[in-house]
Colleague: 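Sharing a structure below in structure tokens format, with a few things to ask.
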Amino acid sequence: MKPDTIVALASGAGRAGVAVIRLSGPNAGATLQTLTARELPKPRAATREAFCDPRTGLSLDDGLALWFPGPHSFTGEDVAELHIHGGPAVIAAVIDACLSQPGVRVAEPGEYTRRAFENGKLDLAEAEGLADLVDAETEGQRRQALRQRRGALSAVYEGWRSKLIEAAALIEAEIDFPDEDLPGALALRAGPILQALADDMGRHLDDSHRGERIRDGFRIAIIGPPNAGKSSLLNALAQREAAIVSDIPGTTRDVVEVRLVLAGFPVWLADTAGLREAADAIEAEGVRRALERAEEADLRIAVVEIGHEVPTELEAAIRDGDLLVRSKADRVAAHSSGEMLEVSALTGIGLKLLHTQIEERVAGALGREEAPVLTRARHRRLVEEARAALLRAIPALDLGPELAAEDVRVAADQIGRLTGRIDVEDLLGEIFSSFCIGK
Ligand code: GDP
């Protein structure tokens, strides 16, 4: 069945200098021809056009047209782009004129990318990279999304999948041809392959959630006793009034978060309830959430007023690499030479240094550009399941190929889901048919 031709505004909504309307599908070319009342332009070259409403012959707008005959287009189908003036009425009129043509309908969300996926133009991980690239707000997000869009992550997953299929073929050979005098050690040859893969997946998983943090934000919790100046510090760091500041201890009962961009990465900075014996149930809940938040955070900033003891609850919540801050440094004339950073939200003393130290922590955690990293919980889950299946398959090899084969298939299937290539059976058939038995 011939697919519909879809049309939608590809550029952002709202008034703009230029808007791009994209058509994809078998009638894209005919629609463009009808709107311009001319032959199709040269492929992939911008051409000046006057767009008319084919029903009335009246002028709609002047602009540029681009023609991308399939399969050399984003979706793999015939694609036409109309670059017109970006006013809402112009956009509506041109889309409406496209819709008057046979087989043309409005695109559903994500439908262009879906068609690109279905036509083999990109795989699932690359499509996710593209979505992230469109959503990227920070430099670190952009770099990560671009790598994923270009297939860096897909290459890792496809590499694993082909190794798994290789191992599966070795094991299946032993199952299907047990009397063919195949060397009994055949399945055992699969063992080292599977072990190396499980190790590789383990390293990939053990990444401190770097890719997910770059995508979703590095989490920092400000913790400390009530009235230590946590909310004031958050406001000073966020440079706006995000948290309620008050001199009644215990006012921040829930978690207040602000989103910042530090060192090119998204950061969630959370102010938490003061850690102390709670006066009532609501405050107790606040303290519980504060501790939970502190526990989950990638970095904790512990705040204690200058000259005060570091309370034991706070001591228990901090870890290596956390930042310890002495607040209200404006209150003392002579400064201690201790290892803690002294800051004042009021006068700004030490804030720049604190800001720099936070940036260093964020960049240190997220800034290394090595192998492609996991960027989504979906990927983490699938890799974890694949690895667990391999760890079952490896000892099962000693008990016979049948047991191991099933788990290797499960692993290959999970990895296939990462890129959307789940035709493991087909590939097995293909590889296996060329497998040289007993020769
Ligand atoms: P939190 O309970 O830890 O969030 O503390 P707040 O930020 O609400 O501050 C508690 C009190 O300390 C308020 O009265 C603030 O005005 C005061 N305070 C906060 N930071 C400073 C500072 O840097 N210098 C001085 N002198 N007072 C501060």
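Every number for a ligand or one of its atoms is a count from 1 in the order of the listing. Positions are given from 1, in the same order as the sequence printed here.
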Colleague: Is it true that R326 and E305 make a salt bridge, defined as a side-chain N closer than 4.0 Å to a carboxylate O?
Modeller: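 No, this pair does not count.
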Colleague: Just by distance, no angles: are the side chains of D330 and S344 close enough, under 3.5 Å, to form a donor-acceptor pair?
Modeller: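 Judged by distance alone, the side chains do pair up.
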Colleague: Are D322 and R361 within salt-bridge range, i.e. N to O under 4.0 Å?
Modeller: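 Here D322 does not pair with R361 in a salt bridge, since their nearest N and O are not under 4.0 Å apart.
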Colleague: I'd like to know whether H83 forms a ring-ring contact (aromatic ring centres under 6.0 Å, His included) with F51, so could you lay out the CA-CA distance, the side-chain angles of the two residues, the decisive distance to 0.1 Å, and finally the verdict.
Modeller: CA-CA 10 Å; H83 294 220; F51 301 110; 9.5 Å; no
Colleague: Would one find an N or O of V343, backbone or side chain, under 3.5 Å from an N or O of ligand 1?
Modeller: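 By distance alone, the answer is no.
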Colleague: Any nitrogen or oxygen of D271, main chain or side chain, under 3.5 Å from a nitrogen or oxygen of ligand 1?
Modeller: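 No, no N or O pair falls under 3.5 Å.
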Colleague: Any non-hydrogen atom of S327 lying under 4.0 Å from ligand 1?
Modeller: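 The answer is no, since S327 has no heavy atom less than 4.0 Å from ligand 1.
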Colleague: Examine the side chains of T75 and S24 and answer whether a donor and an acceptor come within less than 3.5 Å of each other.
Modeller: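 Yes.
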Colleague: Should you measure from each heavy atom of S232, which atoms of ligand 1 turn up under 4.0 Å away?
Modeller: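 Taking each heavy atom of S232 in turn, ligand 1 has 6 (P), 7 (O), 9 (O), 19 (C), 20 (N) under 4.0 Å.
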Colleague: Please indicate whether any nitrogen or oxygen in L346 is less than 3.5 Å from any nitrogen or oxygen in ligand 1.
Modeller: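 For ligand 1, there is an N or O atom that lies under 3.5 Å from one belonging to L346.
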Colleague: So, regarding L233 and ligand 1 (criterion: nitrogen or oxygen to nitrogen or oxygen, under 3.5 Å), is there a contact or not?
Modeller: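 For ligand 1, there is no N or O atom that lies under 3.5 Å from one belonging to L233.
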Colleague: Relative to W268, does R259 satisfy both conditions: NZ or CZ under 6.0 angstrom from the six-membered ring centre, and within 45 degrees of the ring's axis?
Modeller: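 Because its charged atom sits under 6.0 Å from the ring centre and within 45° of the axis, R259 does stack over W268.
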Colleague: Salt bridge (Lys or Arg N to Asp or Glu O under 4.0 Å): which pairs involve residues 191-204, sequence neighbours left out?
Modeller: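 Applying salt bridge (Lys or Arg N to Asp or Glu O under 4.0 Å) to every pair that reaches into residues 191-204, excluding sequence neighbours, yields D200-R203.
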Colleague: Report, in ascending order of atom number, the atoms of ligand 1 lying under 4.0 Å from any heavy atom of N227.
Modeller: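 Heavy-atom distances to N227 below 4.0 Å select 1 (P), 2 (O), 3 (O), 5 (O), 10 (C), 11 (C).
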Colleague: Any N or O on A329 sitting closer than 3.5 Å to an N or O of ligand 1?
Modeller: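 In this structure, A329 places no N or O atom under 3.5 Å from an N or O of ligand 1.
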Colleague: Would you mind finding which of E342, K328, K230, E305 brings a heavy atom closest to atom 18 (N) of ligand 1?
Modeller: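 It is K328 that holds the nearest heavy atom.
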